[in-house]
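Okay, structure first, notes after.
All of these numbers come straight from a predicted model, not from anything done at the bench. Throughout, protein chains are lettered first and strands after them, A, B, ... in sequence-line order, and every chain is numbered starting at 1.
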Number of protein chains: 2
Amino acid sequence: MELHQLKCFIAVIEEGGFNRATTRLHITQPALSYQIKQLEDELGASLFHRRPRGISPTEAGRVLFQHAQDVIERVRQARRAIERLSKGVVGEIRIGTVNSVGIYFLPPVLQKIKEKYPLARPTVMYRRGGEVMEALLSSQVDVAVLANPRPDRRLNFETIIEEKVSLVCSKGHPFFGRTSVQPHELRGLPFISLTQETPTGMLVKDYLAKLGVSVDVVVSTPNVDTVRKMVEVGLGVAFLPDMVTSADVSCDGKPIDLISRVEVRPSLTRKIVLVTWKKFQCGQVVQAFLDELRWHGGHWKACVESRPRK
Amino acid sequence: MELHQLKCFIAVIEEGGFNRATTRLHITQPALSYQIKQLEDELGASLFHRRPRGISPTEAGRVLFQHAQDVIERVRQARRAIERLSKGVVGEIRIGTVNSVGIYFLPPVLQKIKEKYPLARPTVMYRRGGEVMEALLSSQVDVAVLANPRPDRRLNFETIIEEKVSLVCSKGHPFFGRTSVQPHELRGLPFISLTQETPTGMLVKDYLAKLGVSVDVVVSTPNVDTVRKMVEVGLGVAFLPDMVTSADVSCDGKPIDLISRVEVRPSLTRKIVLVTWKKFQCGQVVQAFLDELRWHGGHWKACVESRPRK
DNA sequence: CGGCGTCATAAGTTTTGTTTATGTGACCTA
DNA sequence: TAGGTCACATAAACAAAACTTATGACGCCG
């Protein structure tokens with residue numbers, strides 16, 4: 001059974017005869033007879049009573065007619081769905097990212113996209129960096145936005161933001177108010193750290209190791225907001241991406257101007273990187289998302305620095 | 001877009017690659033590539049990301065996958081529906097008939113069919129004889145059961161029953177108790193007649209005309225039950241098919257042993273005829289109905305005579 | 001009875017689909 | 001970094017459809 005056969009069949013019924021159907025189908029009558037015969041042979045039932053004054057459908061014909069119309073309609077719907085995709089009116093955007101980026105950077109980007117493409121359907125997968133990479137490689141997501149991702153020959157890396165990871169302390173801390181501290185001053189201090197599974201946690205650990213500074217890790221958590229809170233209450237100092245300490249409010253809604261950034265030399269930075277497959281082909285909507293992502297990335301630094309923290 | 005292309009497409013997705021799909025489809029890989037390319041070209045969108053380690057569907061591919069599965073499933077359902085038809089488990093029986101036959105003869109036949117084929121779906125169209133013929137000729141019904149139908153070269157006529165149309169009178173009528181009356185005794189009598197549109201009404205009219213008897217028509221109605229009732233209350237005599245006066249109860253549930261048949265010579269008969277198209281091909285269920293019809297027809301006379309009315 | 005309308009059949013042609021053989025590009029291993 | 005492998009693309013020859021033209025069968029209708 002083939003779709004063009006069903007179309008032939010429908011035409012014969014709707015036009016009420018083989019000869020009349022040929023004009024609609026733009027084929028000759030023997031061709032049509034042949035196709036209908038194919039159908040009948042395959043189904044093992046005749047579909048039409050051949051009567052002197054034209055045809056009339058048998059019961060099998062009537063039953064098939066219902067189903068055939070339905071099938072053709074579904075095909076039409078499939079066509080339309082794909083057409084709407086390529087026209088960019090709808091589109092899924094499957095994003096993989098890590099917590100900090102997902103919380104502090106992505107939301108405004110998605111908001112912009114939603115304004116421009118109301119029918120866009122972004123889905124965000126929050127995982128640890130490695131898992132997001134896996135998801136990208138197995139095509140569970142289309143794009144990944146990661147911090148300091150591990151290189152991979154198959155993938156394309158495009159740095160969106162290069163931001164500082166700064167030392168932060170609470171208002172009551174001895175460092176408070178100082179413009180900078182020396183690395184050796186950190187030695188042995190109570191320290192709040194991101195777990196090493198997070199790229200930034202690892203980054204900070206390597207950084208301290210390279211400086212030859214060992215600190216007293218009093219809290220270790222995978223969640224940046226937890227780190228921030230611990231610092232707020234004065235449990236220790238920490239390194240946090242500027243992103244986290246630049247937002248007006250944290251993700252739980254409380255203002256976060258209770259902590260202060262202090263400069264340490266040499267400074268520590270991390271890169272927010274857009275990762276896609278090499279030769280990544282995508283629809284209009286995803287493309288628009290990428291553009292939006294780049295634009296926001298370019299304006300990020302300015303945005304952060306226009307809201308300096310004491 | 002063709003069904004075999006959709007099947008190819010589904011296989012590629014489900015098997016996770018072109019090469020793997022070939023084993024399921026029993027075609028070679030270039031053939032498969034070709035078919036997928038056809039689809040992609042027609043839809044104007046690529047359906048797969050071709051990646052070094054196999055493929056993954058694009059968004060268009062994912063969308064099409066949903067729809068394609070649905071389409072294939074509908075086709076499968078169509079196949080099954082037609083299969084059930086030819087296996088005789090289901091089947092529509094479109095019957096056209098006139099009132100008297102429909103009321104007094106058809107019900108037990110349909111009951112038997114329903115017992116043997118619980119999923120049979122008989123639909124009965126009650127019309128005047130000519131209209132039923134029209135319906136048969138335009139294939140709105142499959143079979144017609146008519147009284148004395150007009151011949152037609154295109155159709156096949158098979159007499160099922162040949163029954164008497166007897167003179168009937170009420171219990172209080174002078175004819176009551178007599179075994180027979182002479183035609184001339186009817187002259188001028190109050191008479192209930194079926195309208196001439198009904199085959200039996202026409203039959204009776206011609207019969208009386210041939211006998212040279214003119215009666216006093218006090219009621220004319222297309223409904224046999226109305227005639228019966230009028231006779232019951234003694235408004236006049238009438239000719240009614242034995243069928244009508246042999247049932248234990250009339251269609252309104254009341255017993256009808258309030259009237260009596262009286263013999264008139266020459267006797268008047270009508271034929272209940274099964275009408276179908278010449279070379280009528282039908283499914284098992286309709287065939288069973290026809291057999292049942294013939295069987296009941298053959299046993300009708302015996303049935304009627306085993307319940308004689310005084 | 002002959003002309004007409006409608007579908008079926010036959011034979012030849014064109015289009016489509018398939019196979020075999022080979023190419024391309026990226027990964028993997030040494 | 002050369003060579004093998006995997007997975008899909010491409011090319012050309014071939015096979016199988018679908019289509020067209022021409023003709024036939026059958027019943028209607030004047």
Under-4.0 Å side-chain N/O to phosphate OP1/OP2 contact, B:Ser33 with D:dA9: yes
Touch class at under 4.0 angstrom, heavy-atom based, for B:Glu2 against every strand present: nothing
Interatomic distance, A:Leu3 CG vs C:dG17 P [rounded to whole Å]: 12 Å
Residue B:Arg53, side-chain atoms from C-beta onward, closest of C:dC7, C:dC28, C:dG17: C:dC28
Rounded distance (Å) that lies between atom P of D:dC8 and atom CD1 of B:Ile27: 13 Å
Length of the line joining A:Glu15:CD and C:dC7:P, which is rounded to integer Å: 12 Å
Note: B:Glu162-B:Arg270 ion pair, threshold 4.0 Å (strictly below): no
Nearest to side-chain heavy atoms of A:Asn19, which nucleotide of D:dA7, C:dA8, C:dT6: C:dT6
Sugar-phosphate, base or nothing in reach of A:Arg51, heavy atoms under 4.0 Å: nothing
5'-most by nearest nucleotide on DNA chain C - B:Ala31 or A:Arg154: B:Ala31
Sugar-phosphate, base or nothing in reach of B:Gln35, heavy atoms under 4.0 Å: sugar-phosphate
Atom-to-atom span, CG of B:Leu47 to P of D:dC8 - whole angstrom: 14 Å
Between P of C:dT18 and CZ of B:Phe18, the distance in whole Å: 14 Å
Candidates D:dT10, C:dA26, D:dC28 - which lies nearest the side chain of B:Pro30: D:dT10
B:Tyr34 side-chain proximity, nearest of C:dT20, C:dC28, C:dT18: C:dT18
Nucleotide of D:dC28, C:dT18, C:dA8 approaching B:Thr28 most closely (side-chain heavy atoms): C:dT18
Neighbour count >12 (heavy atoms, 6.0 Å) for atom NZ, B:Lys7: yes
Side chain of A:Lys279 (C-beta onward), nearest among C:dC7, C:dT19, C:dA26: C:dA26
Check: A:Gln29 side chain, C:dA8 base, donor-acceptor under 3.5 Å: yes
Out of D:dC28, C:dG17, D:dC8, whichever nucleotide has its closest atom nearest the side chain of B:Ile55: D:dC8
Side-chain N,O (B:Arg50) to OP1/OP2 (D:dA9) below 4.0 Å: yes
Whole-Å distance separating the CG atom of B:Leu32 from the C1' atom of D:dA7: 12 Å
B:Glu83/B:Arg79 under salt bridge (charged side-chain N to carboxylate O under 4.0 Å, His left out): CA gap, chis, key distance, verdict: CA-CA 6 Å; B:Glu83 198 177 345; B:Arg79 277 216 168 74; over 6 Å; no
B:Ser33 versus B:Gln29, side-chain donor and acceptor atoms under 3.5 Å: yes
Comparing B:His26 and A:Trp277 on DNA chain C - which has the more 5′ nearest nucleotide: B:His26
Side chain to side chain, A:Val89 and A:Tyr117, heavy atoms closer than 4.5 Å: no
B:Gln38, nearest nucleotide to its side chain (from C:dG17, D:dT20, C:dC27): C:dG17
d(NE2, B:His49; C1', D:dA9) in whole Å: 18 Å
A:Gln5 CD - D:dA18 P separation (whole Å): 6 Å
A:Thr97 versus A:Arg127, side-chain donor and acceptor atoms under 3.5 Å: no
Of the listed nucleotides C:dT18, D:dC8, C:dT9, the one nearest the side chain of A:Lys37: C:dT9
Nearest-nucleotide 5' precedence on DNA chain D, A:His4 against B:Pro52: B:Pro52
